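Below you'll find the structure, written out as structure tokens, and then a few comments.
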Amino acid sequence: MKTKIRTRYLMSALLLFSVVMVSVVSAEGDKADGAEASLYERLGGVYSIATVVDELIERLEVNDVLNANPAIDKARTAVPKAGIKFRLTAMICQATGGPEVYHGRSMKDSHARLNISNAEWDEMERVFGQLLNDFKVPEKEQRELFALIGPTKADIVTAD
Ligand code: HEM
């Protein structure tokens, strides 16, 4: 009887220890097997990414630097922002290693008529960086996100 109780106690203690260890390791952004969690997982998955994208589009759509460009301003009123939020969320989820799949147009096609300049790109990056700081996204994850976005600039910026 005593042995049974002791075994049960030992099993509970072991279980508690493994739960605590998994939480500690996850907090570092690593998986239990030592592999680093995907950027998608470290950002908190689709709900967190959708929340950041939601706020990003809200801020960009009222940005004076961007709206000084008539093509951007026109698209802002013509294109439903819920659609852009949905597609951008899917794109970021896919690019960061999540299960969501992006079914939208290429970056070249969707931005071709917007005459986006280098200064407007820089403004978008500034607003995005500020937003990530506001959401307390760690520097490492911010760097990884910008590294994914950076290569799209060649297709998006079409004006000087
Ligand atoms: C200054 C920078 C940017 C501006 C002003 C901008 C603006 C816009 C606008 C106005 C649209 C709607 C176009 C339309 O449907 O006719 C759009 C679509 C979209 N943008 Fe951007 N964008 C910028 C940068 C980016 C970046 C860096 C990404 C991602 C890497 C991105 C991803 C998308 C996606 C996924 C769509 C939806 C495409 C579709 O519906 O097929 N954009 N953007």
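Computed from a prediction, not measured in an experiment: that's the story for all the values here. Indexing begins at 1, ligand by ligand and atom by atom, following the structure's order.
Counting only residues at least two apart or in different chains, side chain to side chain donor-acceptor pair (under 3.5 Å) contacts with residues 91-105 comprise Y40-E100.
The nearest non-hydrogen atom to atom 41 (O) of ligand 1, considering only E125, R105, R76, comes from R105. The residue from L60, D122, I116 that puts a heavy atom closest to atom 3 (C) of ligand 1 is I116. Of the candidates H111, K74, K81, it is H111 that places a heavy atom closest to atom 22 (N) of ligand 1.
Taking a cut-off of under 4.0 Å to the non-hydrogen atoms of L114, the atoms of ligand 1 that pass are 7 (C), 8 (C), 9 (C), 10 (C). Contact atoms of ligand 1 toward I156: 24 (C), 25 (C), 26 (C), 27 (C), 28 (C) (distance under 4.0 Å to a heavy atom of the residue). The distance from ligand 1 to the heavy atoms of L88 drops below 4.0 Å at these ligand atoms: 29 (C), 32 (C). Within ligand 1, the atoms closer than 4.0 Å to a non-hydrogen atom of I149 are 27 (C), numbered from 1 in the order shown.
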Quiz prompt | side-chain hydrogen bond (donor to acceptor under 3.5 Å, both in side chains) assessment of E120 paired with N115 | solution = CA-CA 10 Å; E120 287 155 1; N115 303 320; over 6 Å; no
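Ligand 1 is approached by M107 to a heavy-atom distance shorter than 4.0 Å.
The pair E141-R42 meets the salt-bridge criterion, with a side-chain N (NZ, NE, NH1 or NH2) lying under 4.0 Å from an Asp/Glu carboxylate O. Salt bridge R59/D54: absent, no basic N to carboxylate O contact under 4.0 Å.
For K140, the side-chain hydrogen bond (donor to acceptor under 3.5 Å, both in side chains) test picks out E36, E144, with sequence neighbours left out.
Any N or O atom pair closer than 3.5 Å counts here, and W121 shares no such pair with ligand 1.
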